[in-house]
Peer 1: 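Would you mind keeping the following structure in view while I ask a few things?
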Amino acid sequence: MADPQLLLRQRFAEALERIDPSLAGADPVIRPSQHADFQVNSAMALGKRLGRNPRELADQLLAEVELAGIASQLEVAGPGFINVTLDDAYLAGCLADLRDPRRGVPAAEPAERVVIDYSAPNVAKEMHVGHLRSTVIGDALARTLGFLGNEIIRHNHLGDWGTPFGMLIEHLLDLGEQEAATELSVGDLNGFYKQARTKFDGDEAFADRARARVVALQAGDVETLRLWRLLVDQSELYFSSIYDRMGVTLTDTDYRGESAYNELLDGVVDELRAKGLLVTDDGAECVFPEGFVGREGEPLPLIVRKRDGGYGYAATDLAAIRFRMLDLDATWLLYVVGAPQSEHLEMVFAVARMAGWLEPPARAEHVAFGSVLGDDGKIFRTRSGETVKLADLIDEAIGRAAEVVATKSPHLDATEQAEVAEAVGVGAIKYADLSSDRVNDYVFDWDRMLSLQGNTAPYLQYAHARARSIFRKADLEPPTADQPVAVTITHAAERELTKQLVAFAGAVASVADGMRPHRLCTYLFDLAQTYTAFYEQCPVLRADDEAVRASRLDLCDLTAGVLAQGLDLLGIEAPERI
RNA sequence: GCCCUCGUAGCUCAGGUGGACAGAGCAUCGGACUUCUAAUCCGGCGGUCGCAGGUUCGAAUCCUGCCGGGGGCGCCA
């Protein structure tokens, strides 16, 4: 077991159960401590539960717990804390499986089939900052939950259906297919959309054609569908190019837009009706899930079918749940969607449960996130008040990173500088988005995210490159996965680094607990800081003892490996040189 | 009006489901480079954890009420 905290948890849990069978399953509450390596906090609460003196219980726990060869020092302190200091040799031994590809991270048990719904841009519309967080957070979760051994199904729920497509298709015809395709493929989606919108608003004849086209689209007219498909295909090509630049793992096969559920909507409504859940209210067909109220305290409907007979997004969302659960056999659904949609999603989940499509232990979870703000504290926009295109954001990030690289890394050739600028620029945007609790809003600040100091991607990338550079400097090949780790602790800084390294598995697991990637960020930042402290204090190549040198080289290699792995789970590149 | 969410150092944020004096980073002040990449490190300064009650041996964390910011509240997604 790589993570000593997990072992302590197990050993103390066993001891608790031996002391009193009623304590079986109780959490021993092992936490990192300022007074030792770890502290055990359970004696106070459990002592109270048993009506016993907490200190006495702590003493008994110490007598009972089996930690030979693991702890070098154990003591009871204060009202009943137990301080645990790990044995150095044991601690170093925990590094053993940190070199293998899983970096000591145990596979989730049981593995689940998880559908993650994220990114979801709109066809024939530019991707903008509004899609940034869903894309970045969703991808980090997909990577991390996948690494933990779950089967991940990515769904990119494109906005590819609805009334705007009438005007978009008519505009496409006006332009000519060839011309329209060119315009869309170069990525001028906003221009295309705005032109259509302008005509729709200003030209009656055009508006009539557009409305007629919507009817034809919904009626399944073959020619109309072909034109619609053209729009969708061109947009998907464009989105894919953005994902590619951003290093997002969404691919062509993950596109599953709203239109994919069209043919299922009738069945969904029929089933809701058959189950007696449907209520006709004001002409609309609704389900009233319990516990949701509107302005006047009246029951709030989820409108499945509108008064005009059309389907709204609620119907599509229900069809998607049904499909993911019943056809894909998922056990866990994640929706990486902004916080404002919280009530809507909760209602959809509630209705899906009522319909029997979402039976526990299977569950759906809204992974909500806050807004990206400008320095004025309002939604992030350009100076002229426009929404910020993702493409422009990426360009600027790479441009700014390139300036830094040009001054700080003259030792790299032009090609390598460009590669590093890309990794640093894109990484900075992603890390800024991931490194604070997702439910909070955050202020978009170029200088802070690209800073070489502090909790930023560039700082982590630098620490990684520095650890790697030692091997180049010494003209050594880094160890391969099958070589044994041979770390011996001879210095306090080595010990701190070792402790931090072996906590990787716990850090990764903590992301899955509550869908919080920022915990991995915090861990990696701590690791980078601990490593640089080690690096300052402990000569590696210049170590006077051959065994110490080998041991420290291993620490460098493991640190670089864990940093790279952790960054990869966040979707961030770690260049070998910087 | 109701519901959700946030409020921690001058600034940006952590704080693992109640634990030992509240932690980082930035900024600021003071130190360390003929470097294993100083894109770094070491140290100092800095907090009535929005306010007021309550539960508890013990509260930034749980409960209640207030104050303040953001968001949502039937046919858009």
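Note that these values count all heavy atoms, side chains included, but never hydrogens, waters or copies made by symmetry.
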Peer 1: Just say parallel, tilted or perpendicular for the rings of A:Tyr261 and A:Phe323, cut-offs at 30° and 60°.
Peer 2: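 A:Tyr261 vs A:Phe323 ring planes: perpendicular.
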Peer 1: Tell me whether the rings of A:Trp446 and A:Phe444 are parallel (<30°), tilted (30 to 60°) or perpendicular (>60°).
Peer 2: perpendicular
Peer 1: Determine whether A:His464 and A:Thr559 make a side-chain contact, defined as any pair of heavy atoms from C-beta on separated by less than 4.5 Å.
Peer 2: no
Peer 1: Taking A:Tyr431 for its side chain and A:Cys521 for its backbone only, find out whether a donor-acceptor pair lies under 3.5 Å.
Peer 2: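 Such a contact is found between A:Tyr431 side chain and A:Cys521 backbone.
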Peer 1: Using the side-chain heavy atoms of A:Leu452, tell me which of these nucleotides is nearest: B:G19, B:A39, B:C2.
Peer 2: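 That would be B:A39.
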Peer 1: List the steps, then state whether side-chain contact (heavy atoms from CB on, under 4.5 Å) holds for A:Tyr459 with A:Gln529.
Peer 2: CA-CA 9 Å; A:Tyr459 177 84; A:Gln529 285 199 123; 3.5 Å; yes
Peer 1: So which one's nearest nucleotide on RNA chain B is more toward 5', A:His157 or A:Asn83?
Peer 2: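 The residue mapped nearer the 5' terminus is A:Asn83.
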Peer 1: So if I take every side-chain heavy atom of A:Arg577 and compare against B:A39, B:G16, B:U37, which nucleotide ends up nearest?
Peer 2: B:U37
Peer 1: Is there a residue in residues 298-306 of chain A whose heavy atoms reach under 4.0 Å of RNA chain B, and which residues are they?
Peer 2: A:Glu298, A:Leu300, A:Pro301, A:Ile303, A:Lys306
Peer 1: Select one nucleotide: of B:A39, B:C42, B:C73, the one nearest the side-chain heavy atoms of A:Arg295.
Peer 2: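 Nearest to the side chain of A:Arg295 among the choices is B:C73.
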Peer 1: Starting from P on B:C73, measure out to CG on A:Leu345 and report it in whole angstrom.
Peer 2: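 The answer, rounded to whole Å, is 13 Å.
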Peer 1: If B:G30 has a Watson-Crick or G-U wobble mate with both distances under 3.5 Å, name it; if not, just say none.
Peer 2: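 Pair assignment: B:G30 / B:C42.
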Peer 1: Using a 4.0 Å heavy-atom cut-off to protein, can you give one letter per nucleotide of nucleotides 21-26 of chain B, 5' to 3': B if the base is in contact, S if only the sugar-phosphate is, - if neither?
Peer 2: B-SSSS
Peer 1: Hunt down the Watson-Crick or G-U wobble partner of B:C62, both distances under 3.5 Å, from any strand shown, or write none.
Peer 2: B:G54
Peer 1: Give me the one residue out of A:Phe292, A:Phe349, A:Tyr313 that meets ring-ring contact (aromatic ring centres under 6.0 Å, His included) with A:His344.
Peer 2: A:Tyr313
Peer 1: Starting at the 5' end of RNA chain B and moving along, which residue's nearest nucleotide shows up first, A:Ala314 or A:Ile470?
Peer 2: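 In this pair, the answer is A:Ile470.
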Peer 1: Quick one: which of B:G19, B:A14, B:U56 gets closest to the side chain of A:Lys48?
Peer 2: B:U56
Peer 1: Among the nucleotides B:A39, B:A14, B:C6, which one has an atom lying closest to any side-chain atom of A:Thr522?
Peer 2: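 The nucleotide sitting nearest to the side chain is B:A14.
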Peer 1: I need the A:Leu497 CG to A:Leu555 CG distance, nearest 0.5 Å.
Peer 2: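 The distance works out to 5.0 Å.
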Peer 1: Can any side-chain N or O of A:Ser134 pair as donor or acceptor with the backbone N or O of A:Val336 at less than 3.5 Å?
Peer 2: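 Judged by distance alone, yes, a pair lies under 3.5 Å.
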Peer 1: How are the rings of A:Trp228 and A:Phe165 set relative to one another: parallel (under 30°), tilted (30 to 60°) or perpendicular (over 60°)?
Peer 2: perpendicular
Peer 1: Both distances under 3.5 Å, Watson-Crick or G-U wobble: report the partner of B:G47, or none.
Peer 2: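 Base-paired to nothing in any strand shown.
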Peer 1: Give a yes or no on whether a donor-acceptor pair under 3.5 Å exists between the nucleobase atoms of B:A39, that is its base, and the side chain of A:Gln461.
Peer 2: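 There is none.
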Peer 1: Could you tell me whether the side chain of A:Asp441 has a donor or acceptor atom within less than 3.5 Å of a complementary atom in the base of B:C6?
Peer 2: no
Peer 1: To the side chain of A:Pro340, which of B:G72, B:C6, B:G19 is closest?
Peer 2: B:G72
Peer 1: Which nucleotide wins on minimum distance to the side chain of A:Arg31, given the candidates B:U17, B:C2, B:C75?
Peer 2: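 Selected nucleotide (nearest to the side chain): B:U17.
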Peer 1: Searching all strands shown, indicate the nucleotide that pairs with B:C2 (Watson-Crick or G-U wobble; both distances under 3.5 Å).
Peer 2: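 Checking every strand shown, B:C2 finds its partner in B:G72, with both distances under 3.5 Å.
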Peer 1: Considering just the side-chain nitrogens and oxygens of A:Thr532, establish if one lies under 4.0 Å of OP1 or OP2 belonging to B:C41.
Peer 2: yes
Peer 1: Between A:Arg305 and A:Gly312, is there a donor-acceptor pair closer than 3.5 Å when you use the side chain of the first and the backbone of the second?
Peer 2: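 No: the side chain of A:Arg305 does not pair with the backbone of A:Gly312.
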Peer 1: Just to be sure I understand the rule, does A:Ala45 reach a base, reach only the sugar-phosphate, or reach nothing, if contact means heavy atoms closer than 4.0 Å?
Peer 2: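 Base: the residue A:Ala45, judged by heavy atoms under 4.0 Å, touches a nucleobase.
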Peer 1: Counting distance alone, no hydrogens or angles: does the base of B:A77 have a donor or acceptor under 3.5 Å from a partner atom on the side chain of A:Tyr313?
Peer 2: yes
Peer 1: So what does A:Gln341 hit on the nucleic acid, given a heavy-atom distance under 4.0 Å: a base, only sugar-phosphate, or nothing?
Peer 2: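 Base contact.
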Peer 1: Check this for me: does the side-chain of A:Asn440 come within 3.5 Å of the base of B:A14 through a donor and an acceptor?
Peer 2: no
Peer 1: Heavy atoms under 4.0 Å, any strand shown: does A:Ala465 hit a base, just sugar-phosphate, or nothing?
Peer 2: base
Peer 1: With both distances under 3.5 angstrom, what nucleotide forms a Watson-Crick or G-U wobble pair with B:A9?
Peer 2: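 With both distances under 3.5 Å required, B:A9 matches none.
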Peer 1: Taking the side chain as C-beta and beyond, is there a heavy-atom pair between A:Glu126 and A:Leu390 under 4.5 Å?
Peer 2: no
